[in-house]
Amino acid sequence: QVQLVESGGGLVQAGGSLRLSCAVSGSIFSINNMSWHRQAPGTQRQWVASITWGGSANYRDSVKDRFTISRDNAKNTVTLQMNNLKPEDTAVYYCKANLVHKSKYFPDDYWGQGTQVTVSS
């Protein structure tokens with residue numbers, strides 16, 4: 001079994017900050033990378049940021065220099081520090097882990113339940 005537990009969502013005013021966290025646990029052989037995605041009502045889910053377990057991070061252009069993704073390899077945890085939030089950041093944020101389960105040969109994607117982030121004008 002694999003579980004992803006997210007926390008940190010909430011309601012903030014434009015210009016404010018939030019920190020999201022996601023911890024993965026279970027029968028894990030290895031983690032390749034973890035990432036954050038978001039989905040607003042009526043839109044497709046979009047990738048926000050990702051980080052490999054070696055520490056290489058990437059961001060979509062609209063959040064670059066505002067968001068920071070980091071990981072704690074020992075705790076199998078990823079965080080997303082979101083600063084200078086804008087109304088267009090409002091969405092449900094989902095955590096994803098690409099990992100190899102102990103009973104399998106190849107990696108699979110596992111998703112968290114999502115956490116709501118709302119940014120008011």
The salt bridge (charged side-chain N to carboxylate O under 4.0 Å, His left out) partners of D109 (sequence neighbours excluded) come to K96

Keeping T77 on the side-chain end and K75 on the backbone end, is there a donor-acceptor pair under 3.5 Å? yes

By ring pair (Phe, Tyr, Trp, His ring centres under 6.0 Å), W111 pairs with (sequence neighbours left out) H37

Would you say the side chains of [X] and [Y] form a donor-acceptor pair under 3.5 Å?
| X | Y | result |
| --- | --- | --- |
| N83 | S17 | yes |
| S21 | T79 | no |
| E88 | T90 | no |

Heavy-atom side-chain proximity of [X] to [Y] below 4.5 angstrom:
| X | Y | value |
| --- | --- | --- |
| I69 | Y59 | yes |
| R60 | Q46 | yes |
| V117 | L20 | yes |
| L85 | L18 | yes |
| W36 | C95 | yes |

Original post:
Between N33 and I51, is a side-chain contact (heavy atoms from CB on, under 4.5 Å) present by the stated rule, with each step listed?
Top reply: CA-CA 6 Å; N33 60 73; I51 188 166; over 6 Å; no

Between [X] and [Y], what is the shortest heavy-atom contact and its length?
| X | Y | value |
| --- | --- | --- |
| N84 | R66 | O-NH1, 3.0 Å |
| V2 | H101 | CG2-CD2, 3.7 Å |
| Y93 | E6 | O-OE1, 3.6 Å |
| R71 | W53 | NH2-O, 3.3 Å |
| P87 | S121 | CG-OG, 3.7 Å |

Give the cluster check for V48 versus V12: same hydrophobic cluster or not, with ILVMFWY residues linked at side-chain heavy-atom distances below 4.5 Å. yes

Exercise. Indicate if F67 and V92 have the same hydrophobic cluster label, given that clusters are the connected sets of ILVMFWY residues with side-chain heavy-atom separations under 4.5 angstrom.
Key: no

Could you list the donor-acceptor pairs under 3.5 angstrom formed by side chains in residues 24-32, with sequence neighbours left out?
{"unit_1": "S25", "atom_1": "OG", "unit_2": "Q3", "atom_2": "OE1", "d": "3.0"}
{"unit_1": "S27", "atom_1": "OG", "unit_2": "Q1", "atom_2": "OE1", "d": "3.3"}
{"unit_1": "N32", "atom_1": "ND2", "unit_2": "N98", "atom_2": "OD1", "d": "2.9"}

A cation-pi test, strictly: NZ or CZ of R38 under 6.0 Å from the centre of the six-membered ring of Y94 and no more than 45 degrees from its axis. Yes or no?
no

